[in-house]
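The structure presented is a predicted model; accordingly, all values stated were derived computationally and were not measured.
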Amino acid sequence: MQNSSTRHNLIAAALIGVVKQIKAIKYYPPGHPALEAAAAESLRGFEPVLADDRPLALTVRKEGFLLDDGPVAKSNQVLVQLANFCFARRIQHLTFLADLNSTDLHHFVHFLLLDPQIIQRQGGFQVILEKARMTTIWTNIRDFDEILQRRHKIEALPEDPNFDPSTILSEVKEDTQGHQVDALDLAELVAKLEKEEDDTRFHHLLQELIPLLRLQLMEDRRPLVLRALLLLCRCATGKQYTQERRQNAQLAIDQLATDEMANYLVAYLFAATSEQKIRDILGKILAFMGDRIGRRLMETLADERMSGKRKVLGNILVRSGTPSLPIIYEYLADERWYVVRNAVAILGDIRSQEALSHLTPLLQHDEIRVRRETIRALTKISGQRAINILLQVAVNHDHDTQRQAILSLGAVRATIAVPTLLALLKKTDWSQRAIDLKKDAIRALGEIRDPAATVQLVRIVGKKRWLHRKLNDELRIAAAAALGDLGEESTLKVLEKVTHDRNAAVARAAAQAIKQLDKANP
C-alpha cells in the first residue's frame with residue numbers, strides 16, 4: 001500500500017508522461033513510430049499508480065490537479081499548465097481505470113488537442129471518448145457505478161474489426177465546417193423569435209432553436225446564447241404573453257437545462273470579462289432553471305475552493321427555492337464536512353419548514369462547524385418547530401452548540417424559551433463554562449424582552465458575593481445590560497443603587513442601562 005506522499009509523486013510522474021505525449025504529437029507526423037513509443041512510455045508511468053487495481057480519480061482545476069481534495073505537485077508548473085489545458089476543455093474530473101492501455105492514452109491525447117469549441121460542438125469531451133469506444137479513461141463522471149454501467153453498454157456493442165478510434169478526429173473536423181453558418185442562423189432565429197407574434201409559429205421556431213443553441217455553447221457565442229435564454233425566460237414568465245407561449249417557452253428551457261448548459265453558464269458567470277450586469281442576468285437564468293440543473297450546481301459548489309464563487313453559487317440555489325430542496329438534501333450526507341456545511345447554509349437561506357426534519361440529525365454531526373451552521377439555519381427558518389429544536393439543544397447538547405442555541409432563542413425573541421432560560425440561571429454551578437452559559441441566557445432574556453424575566457435579573461444585579469465574586473460580577477454586568485433592554489421602569493431604583501457599586505464595570509453597566517430606560521420611558 002503506497003503512502004500519500006509516494007502516491008502523489010507517482011501520479012505527478014504519470015501526468016508528466018501525458019505532457020510528453022502532447023509534445024510528441026505536436027512534433028512528429030501522424031503514424032511516426034515515436035508516437036507509439038511515447039504512448040507506451042506514458043502507460044509505464046501510470047502502471048505503479050494503478051498497480052493496486054484502484055482507479056485514479058482526479059479533480060481538475062485551473063490551478064492544478066487534486067486527489068481527494070489535496071493538490072498533486074502543486075508547485076509543478078508543467079502540471080498546472082496541463083490542468084489548465086484540460087479545464088479549458090471543460091474537463092473537471094478525470095478518471096483512469098486500472099486496465100488503462102497505451103492505445104486509449106494515444107487517442108485520449110489526440111482528442112485533448114482538439115480546439116475547445118470543437119469539443120463542445122460535439123457534445124463535450126466524454127461524448128467524443130464514447131464515440132471512440134474508449135472505456136479506460138472517463139471525464140466528468142464522479143460516480144464509479146455510473147462509469148461501470150456506461151462501460152458495459154459500450155463493450156456490449158457489436159464487434160467491428162475495422163473500427164478505428166482515430167476516425168473520430170476526421171469526423172469531428174468535417175462536422176465543424178458549418179460552424180460559422182450556424183452562428184449566423186442562430187442570430188437570425190433569435191431575432192425572428194423576438195418579433196414573432198403568432199404562438200404557433202413561435203412554437204415552430206423554438207423547435208429549431210433548441211438543437212441549434214446546443215451547438216453554440218462556445219466562448220465567443222456567449223452574448224448570443226445569453227440573448228436567446230433571456231428571451232425564453234421572459235416569455236415563460238411574462239404576464240403579457242398567452243398561456244400557450246409561456247408553456248412552450250418553459251418546455252424549451254427544460255430541454256436546455258442540462259449539465260453542459262449549467263457548466264457553460266457558470267463559466268460565463270465567473271469569466272473575468274463578464275460585467276456585473278451580465279452576471280446578474282446569468283444568476284437569474286440559472287436560478288430560473290432551478291432543480292433541473294440543481295445537482296450540477298451543487299457539484300460545482302462542492303468542488304469550488306474560492307469563497308466568493310461559493311457564495312454566488314449558493315445564492316443561485318437559494319433563489320431557485322424549494323424545488324431544489326431534494327437535491328440539496330442529498331449533500332447533507334456527504335463525507336466532506338464543508339460540503340455539508342454549505343448545503344445547510346443554503347437550506348437556512350431558503351427557509352423552508354420542510355427542511356427542519358433533515359437538519360435536526362446534523363446537530364449530532366462530528367464537525368462543530370456543521371453543528372454551528374445547523375443552528376444558524378434553524379434560527380433563520382424560525383417558527384415553532386425550529387424554536388422547539390433550539391430549546392432542546394439549549395439544555396441537552398455540547399457546550400458550544402448549547403451557547404449558540406441560547407443566543408439564537410434570544411435573536412428570534414422566543415418567549416416560550418423564558419422558563420428554560422430562567423431555570424438555567426438558578427443552577428448552582430460556578431465553573432467558567434456554566435457562567436458563560438448563564439451570561440448567554442441573560443443576554444437572550446434581554447433580547448426577548450419578556451417582563452417575566454425582570455425579577456430574576458434584578459436579583460442577579462443586586463446580589464453580591466465574596467465567594468466567586470469575579471464570576472458573579474460578570475453575571476451582574478450581563479443582567480444590568482439585559483434590564484436596560486427590557487426597559488422596565490420599575491427597575492430604575494435598583495439600577496441607580498448599583499451605579500455606586502465598588503466594581504467599576506458593574507457600575508458602568510448599570511448607568512448605561514439607566515440611559516436605555518430613559519429612552520424607553522421618555
Side-chain angles (χ1 to χ4, degrees), residues 266 283-284 286-291 293-417 420 440 443-444 447-448:
V266 168
K284 290 177 182 176
L286 285 164
F288 189 75
M289 290 180 172
D291 60 311
I293 59 167
R295 182 166 281 100
R296 188 70 199 104
L297 289 179
M298 282 298 298
E299 289 173 358
T300 305
L301 175 63
D303 294 330
E304 182 54 60
R305 297 222 158 190
M306 296 181 65
S307 60
K309 291 183 178 180
R310 288 201 305 268
K311 184 176 180 181
V312 171
L313 292 169
N315 287 339
I316 290 170
L317 285 159
V318 170
R319 288 164 64 180
S320 69
T322 54
S324 294
L325 289 178
I327 295 166
I328 300 169
Y329 294 154
E330 294 176 16
Y331 284 81
L332 297 179
D334 198 281
E335 294 180 353
R336 296 162 291 180
W337 70 264
Y338 54 89
V339 173
V340 180
R341 179 200 59 192
N342 294 340
V344 170
I346 293 168
L347 292 175
D349 287 333
I350 292 176
R351 305 191 181 194
S352 170
Q353 292 287 318
E354 177 195 323
L356 292 175
S357 58
H358 296 268
L359 289 169
T360 304
L362 295 175
L363 293 166
Q364 308 290 343
H365 198 278
D366 292 339
E367 174 55 54
I368 180 61
R369 284 166 284 192
V370 172
R371 300 199 297 274
R372 286 173 180 164
E373 194 62 53
T374 302
I375 291 177
R376 279 192 284 270
L378 292 170
T379 306
K380 290 177 182 178
I381 294 171
S382 194
Q384 193 58 57
R385 284 177 61 202
I387 289 172
N388 288 339
I389 297 168
L390 290 171
L391 273 170
Q392 293 175 20
V393 178
V395 295
N396 293 327
H397 279 253
D398 62 274
H399 183 69
D400 285 329
T401 51
Q402 197 176 1
R403 292 187 64 185
Q404 190 177 353
I406 288 169
L407 293 173
S408 295
L409 289 166
V412 299
R413 300 189 67 176
T415 305
I416 193 175
T420 300
D440 291 336
R443 178 179 169 184
E447 290 180 339
I448 294 171

Would you indicate whether the side-chain heavy atoms of Leu356 and Gln353 approach each other to under 4.5 Å? yes
Is the closest side-chain heavy-atom distance between Thr420 and Leu409 below 4.5 Å? no
Report yes or no: does Glu304 contribute a side-chain atom to a donor-acceptor pair with the main-chain N or O of Glu299 at less than 3.5 Å? no
Given side chain to side chain contact (heavy atoms under 4.5 Å, CB included), test Met298 with Ile346 step by step and report yes or no. CA-CA 10 Å; Met298 282 298 298; Ile346 293 168; 4.1 Å; yes
How far apart are the closest heavy atoms of Gln402 and Val395, and which atoms are they? NE2-CA, 3.8 Å
Minimum heavy-atom distance Gly321-Ile350, with the two atoms named: O-CD1, 3.9 Å
Minimal heavy-atom distance between Glu447 and Gly410, with the atoms involved, is OE1-C, 3.2 Å
Pair listing, side-chain hydrogen bond (donor to acceptor under 3.5 Å, both in side chains) test, anchored in residues 313-330, at least two apart: Arg295-Glu330, Ser320-Ser324, Tyr329-Glu354
Rounded to the nearest 0.5 Å, how far does CG of Leu378 lie from CG of Leu390? 5.0 Å
Restricting to non-hydrogen atoms, name the atom on Ala405 and the atom on Val393 that form the minimum distance, rounded to 0.1 Å. CB-CG1, 3.6 Å
Please report the interatomic distance CG(Leu313) to CG(Leu297), rounded to the nearest 0.5 Å. 6.5 Å
Student check: side-chain heavy atoms of Leu359 and Ile389 closer than 4.5 Å: no
First locate atom CG of Leu363, then atom CG of Asn396, and finally report the distance between them rounded to the nearest 0.5 Å. 11.0 Å
From OH (Tyr331) to CZ (Arg336), nearest 0.5 Å: 7.5 Å
Measuring only between side-chain heavy atoms, which start at C-beta, is Thr401 closer than 4.5 Å to Ile368? yes
State which residues pass side-chain hydrogen bond (donor to acceptor under 3.5 Å, both in side chains) with Arg369; sequence neighbours excluded, sorted by chain then number. Glu367
Taking all non-hydrogen atoms of both residues into account, name the closest pair between Ala394 and Ile406 and its distance. CB-CG1, 3.8 Å
Nearest heavy atoms of Asp291 and Pro323, plus distance in Å: CB-O, 3.2 Å
Value for OG1 (Thr379) from CZ (Arg351), rounded to nearest 0.5 Å, stands at 10.0 Å
Look only at the side chain of Gln404 and the backbone of Arg372, and say whether a donor-acceptor pair between them is shorter than 3.5 Å. yes
Take Asn388 and Gln384 through the side chain to side chain donor-acceptor pair (under 3.5 Å) test and state the conclusion after the steps. CA-CA 6 Å; Asn388 288 339; Gln384 193 58 57; 3.2 Å; yes
Do Arg371 and Asp398 make a side-chain contact, defined as non-hydrogen atoms from C-beta onward lying under 4.5 Å apart? yes
Residue pairs passing the salt bridge (Lys or Arg N to Asp or Glu O under 4.0 Å) test where at least one lies in residues 380-396, sequence neighbours excluded: Asp349-Lys380
Just verifying a value: how many Å separate Arg403 CZ and Arg443 CZ, rounded to the nearest 0.5 Å? 9.5 Å
If we check side chain to side chain contact (heavy atoms under 4.5 Å, CB included) with Leu347, which of these qualifies: Thr374, Leu317, Leu332? Leu332
